Amino acid sequence: MSASPEKKNPTKAERDEKRRQEEQKDRRTTAIYSVVAVAVVVAALALMVWNSGLLQRNLTALDVNGVKYTVADMQYYYSSVYNEQAQQYLFNSTQSVKKQVYDEATGQSWYDHLMDLAVESLTNSTALAAQARSEGFSLTEESQSQLDSFLSQLNTAWVGQTTSREALIRANYGPYMTYDRLVELVEQELLASDYAQSKLDAIDHPDADYDAYYREHADELDTVTYTYFLFRASLPATDADGNTIERTDAETAAQMEDAKAEQKALAEELKSKLEGGADPETLAEEYKNQMYSSSLSAHSTGSGLSYYPYGDWLLDSARKAGDTDLFERDYTSSCNYYVIVYEGRALVREPAHDVRHILIQAGDGVNPTQAEYDEAETKAQSVLDEWKAGEATEDSFAALVNANTSDTASASSGGLYSNITVSSNYEQAFLDWATDPARKEGDTGLVKTGYGWHVMYYVASKDPVWKQTTASALQNQDYEALTASASQGWTISRGVGMNFISA
């Protein structure tokens, strides 16, 4: 066992060096804790700023030729485009648009498509408003009144509720929107719209432009006359006693196949009879209890046929009067079989007519008795007399509709039906009154149809429907040319703020 080494006392120099190292270590520890403390404070402050929305609100989402628009601005335009497209049921508003495909060929999502539309809309608004200001153009009285009404609503809608004006604005226009910025955006939109409309109204297209547009779009503008018979295969949800029918998936599939085979056989049978020369009206009566619906000599513009499986067939240039065919469309819980008879195609050049009406239904509107007709006529006359005793204006007629009409389809529009022509699908007596060449604005009368009695008010005659459609299309082309000119040479770039738009 070896001896322990001799223990020496540290020299003064060694003690000083050790003390210096310990002090340096303490300073490093203090510095580290200080850095950590500062980082915690910075993180807390950053979180507060983030939660306040100050950072996101001021991030640039879109730069339109040097004009910077924030997340709040872009959210306003995106939401406007979203709501407009949603109202047309162009996508499923109950699901994320980021997961819905807009263009199968490119894989573009609905979100990307809507964002493109929003960028285009904001760019156009910026360009047109800038041009308007450079020319000293100001809001029209109508738009100023519209703006004033909007501001009044913003300043009163929240009164008496457990909210504030700012909270109401954030709830409706995005979490970063402020009152002042919302007013600026709305005013710019109105100015751009007024300016564009003033330019468009100054353009008078000659007949040659209308004819040229028709030649290019005849399939959309022509009116097709055809007869259809619709057989529908579906399964009842309840039994005769109103009890829900329970089925397994296998049972549903098997029963649905049986129903489809039955309805298709009926459709093929009717088609065969038509091809054998049977009268369509006679067949409509013969199969009325087996069909879902039918219409003899129905009319539709080419554009209105695009949804149906027989649309392209009817518009085929090879079609001849009397051609007949069968078309099938399968849905999730039903299947339709259409038997179609082509009758003809033409451009309807006659004027269109607008009328208002109040339907006084006779009985339940199905095969009314004479007594029910008489009762309905008495009430219809009473309503007309009430109107005549008042202001006797179009507005006062429209005001009587809700309280009296049985026609729920037109109740919300004051009984209005627009663009009626002799080829429209209305009951003949109603159609004859509305399209009478001798009819004058403000004419009234009573008309009897299979539903009851109609109190009629003639609004006005207008250009033929095809010409109205063409005028709208030409104006759209003019608008595109106007915006393209106003923004010619501009640079548009998207910023990091685009990442904070709520879809």
Side-chain angles (χ1 to χ4, degrees), residues 207 210-231 267-288 291-329 336-355 417-437 449-450 461-473:
D207 289 342
Y210 284 85
D211 292 338
Y213 185 87
Y214 168 70
R215 287 192 296 272
E216 293 179 12
H217 301 85
D219 280 353
E220 302 166 27
L221 298 172
D222 278 351
T223 292
V224 179
T225 303
Y226 64 102
T227 286
Y228 77 83
F229 303 89
L230 170 56
F231 295 85
E268 290 174 335
E269 179 181 283
L270 185 145
K271 175 176 177 287
S272 179
K273 290 181 179 180
L274 284 169
E275 292 171 336
D279 176 54
E281 187 173 357
T282 301
L283 292 176
E285 180 63 26
E286 179 183 344
Y287 286 85
K288 68 179 182 181
M291 285 188 300
Y292 183 78
S293 66
S294 67
S295 181
L296 303 175
S297 298
H299 306 281
S300 177
T301 59
S303 60
L305 292 168
S306 60
Y307 170 78
Y308 298 99
Y310 49 79
D312 290 342
W313 182 84
L314 284 172
L315 292 170
D316 191 325
S317 59
R319 282 288 70 75
K320 301 184 301 296
D323 283 356
T324 304
D325 211 338
L326 172 62
F327 299 87
E328 176 180 339
R329 172 164 283 175
N336 287 350
Y337 298 93
Y338 303 88
V339 179
I340 307 296
V341 183
Y342 177 80
E343 297 180 29
R345 164 179 171 171
L347 179 64
V348 178
R349 295 183 178 273
E350 64 174 278
H353 308 267
D354 289 358
V355 302
Y417 280 108
S418 296
N419 291 331
I420 301 172
T421 68
V422 293
S423 58
S424 296
N425 299 316
Y426 294 94
E427 289 226 355
Q428 197 60 48
F430 185 98
L431 199 58
D432 290 344
W433 191 94
T435 60
D436 186 341
T449 70
S461 64
K462 304 188 296 187
D463 282 337
V465 175
W466 81 271
K467 197 164 188 178
Q468 294 179 49
T469 302
T470 301
S472 178

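This one's a predicted model, so the numbers in the text were calculated from it and none came from an experiment.
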Colleague: Could you give the distance from CG (D207) to NZ (K467), rounded to the nearest 0.5 Å?
Modeller: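 With rounding to 0.5 Å, CG (D207) is 5.0 Å from NZ (K467).
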
Colleague: Quick check: do V465 and V348 have side-chain heavy atoms less than 4.5 Å from each other?
Modeller: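 No, every pair of side-chain atoms sits at 4.5 Å or beyond.
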
Colleague: If you compare all heavy atoms of E275 against all heavy atoms of T324, which two are closest, and at what distance to 0.1 Å?
Modeller: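 For E275 versus T324, the nearest heavy atoms are OE2-O, 4.1 Å.
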
Colleague: Do Y338 and D325 have a side chain donor and acceptor closer than 3.5 Å?
Modeller: no

Colleague: Considering all heavy atoms of both residues, which atom of R329 and which atom of Y307 are nearest to each other, and what is their separation?
Modeller: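 Here R329 and Y307 meet closest at NH1-O, 2.6 Å.
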
Colleague: Within the supplied structure, the quantity of interest is the number of heavy atoms (other residues, nucleotides, ligands) at a distance under 6.0 Å from F327 CZ; does it exceed 12?
Modeller: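 Atom CZ in F327 is crowded, with more than 12 foreign heavy atoms closer than 6.0 Å.
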
Colleague: With a 3.5 Å distance limit and no angle check, can you tell me whether S461 reaches the backbone of H353 through a side-chain donor-acceptor pair?
Modeller: no

Colleague: Where is the tightest heavy-atom contact between T449 and A429, given as atom of each residue plus distance?
Modeller: CG2-CB, 4.4 Å

Colleague: Is any side-chain heavy atom of K462 closer than 4.5 Å to a side-chain heavy atom of S418?
Modeller: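 The answer is yes, as the side chains (C-beta and beyond) meet within the 4.5 Å cut-off.
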
Colleague: Mind running salt bridge (charged side-chain N to carboxylate O under 4.0 Å, His left out) on K288 and E285 for me, showing each step along the way?
Modeller: CA-CA 5 Å; K288 68 179 182 181; E285 180 63 26; 2.9 Å; yes

Colleague: Where the side chain of D463 meets the backbone of P351, is there a donor-acceptor pair that is under 3.5 Å apart?
Modeller: no

Colleague: Only one of Y342, Y310, W313, Y308 forms a ring-ring contact (aromatic ring centres under 6.0 Å, His included) with Y226, so which one is it?
Modeller: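 It is Y310, the one option of Y342, Y310, W313, Y308 that forms the ring-ring contact (aromatic ring centres under 6.0 Å, His included) with Y226.
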
Colleague: Enter the distance from T435:OG1 to Q428:CD here, rounded to the nearest 0.5 Å.
Modeller: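 Answer for the OG1-CD pair, T435 versus Q428, is 8.0 Å.
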
Colleague: Tell me whether D316 is salt-bridged to R345, with the criterion being a basic N under 4.0 Å from an acidic carboxylate O.
Modeller: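 Salt bridge absent between D316 and R345.
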
Colleague: Just jot down the side-chain contact (heavy atoms from CB on, under 4.5 Å) partners of S272, sequence neighbours excluded, or say none.
Modeller: none

Colleague: Please name all residues satisfying ring-ring contact (aromatic ring centres under 6.0 Å, His included) with Y426, sequence neighbours left out, ordered by chain then number.
Modeller: Y417, F430

Colleague: If you compare all heavy atoms of S300 against all heavy atoms of G304, which two are closest, and at what distance to 0.1 Å?
Modeller: OG-C, 3.7 Å

Colleague: Can you tell if the side chain of K271 reaches within under 4.5 Å of the side chain of Y337, non-hydrogen atoms only?
Modeller: no

Colleague: Would you say the side-chain atoms of E281 pair up with the backbone N or O of L296, donor to acceptor, closer than 3.5 Å?
Modeller: no

Colleague: Between OG of S297 and OH of Y228, what distance do you get to the nearest 0.5 Å?
Modeller: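 S297 OG to Y228 OH: 12.5 Å, rounded to 0.5 Å.
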
Colleague: I'd like to check the side-chain contact (heavy atoms from CB on, under 4.5 Å) partners of T470; sequence neighbours left out, ordered by chain and number.
Modeller: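 T470 satisfies side-chain contact (heavy atoms from CB on, under 4.5 Å) with Y210, Y213, L221, W466, L474 only.
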
Colleague: Step by step, work out the side chain to side chain contact (heavy atoms under 4.5 Å, CB included) result for S424 and L431.
Modeller: CA-CA 8 Å; S424 296; L431 199 58; 3.9 Å; yes

Colleague: How far does CD1 of I340 sit from OG1 of T227, to the nearest 0.5 angstrom?
Modeller: 9.0 Å

Colleague: Taking the side chain from S472 and the backbone from T469, do they hold a donor-acceptor pair closer than 3.5 Å?
Modeller: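 No, because the side chain of S472 does not come within donor-acceptor range (under 3.5 Å) of the backbone of T469.
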
Colleague: Measuring from L314:CG to R319:CZ, what's the distance to the nearest 0.5 Å?
Modeller: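 Between atom CG of L314 and atom CZ of R319 there are 7.5 Å.
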
Colleague: Count the heavy atoms belonging to other residues, nucleotides or ligands that lie under 6.0 Å from CG of N425, then report whether that count exceeds 12.
Modeller: yes

Colleague: How long is the gap from CZ on F229 to CG on L283, to the nearest 0.5 Å?
Modeller: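 If we round to the nearest 0.5 Å, F229:CZ and L283:CG are 5.5 Å apart.
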
Colleague: With side chain to side chain contact (heavy atoms under 4.5 Å, CB included) as the criterion, how do K273 and Y287 come out once you've worked through the C-alpha distance, each side chain's angles and the decisive distance to 0.1 Å?
Modeller: CA-CA 12 Å; K273 290 181 179 180; Y287 286 85; 3.0 Å; yes

Colleague: Tell me every residue that passes side-chain hydrogen bond (donor to acceptor under 3.5 Å, both in side chains) with E328, counting only those two or more places apart in sequence or in another chain.
Modeller: none

Colleague: With a 4.5 Å limit on heavy-atom distance, are the side chains of E220 and L315 in contact?
Modeller: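 When only atoms from C-beta onward are counted, L315 and E220 do not touch, as no gap falls below 4.5 Å.
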
Colleague: Return the set of residues passing ring-ring contact (aromatic ring centres under 6.0 Å, His included) with W433 (not counting sequence neighbours), or none when no residue passes.
Modeller: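 Partners of W433 by the ring-ring contact (aromatic ring centres under 6.0 Å, His included) criterion come out as none, since no residue qualifies.
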
Colleague: Restricting to non-hydrogen atoms, name the atom on D323 and the atom on A318 that form the minimum distance, rounded to 0.1 Å.
Modeller: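 Closest approach of D323 to A318, heavy atoms only: OD2-O, 4.2 Å.
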
Colleague: In chain order, what residues pass the side-chain contact (heavy atoms from CB on, under 4.5 Å) check against E216, with sequence neighbours excluded?
Modeller: none

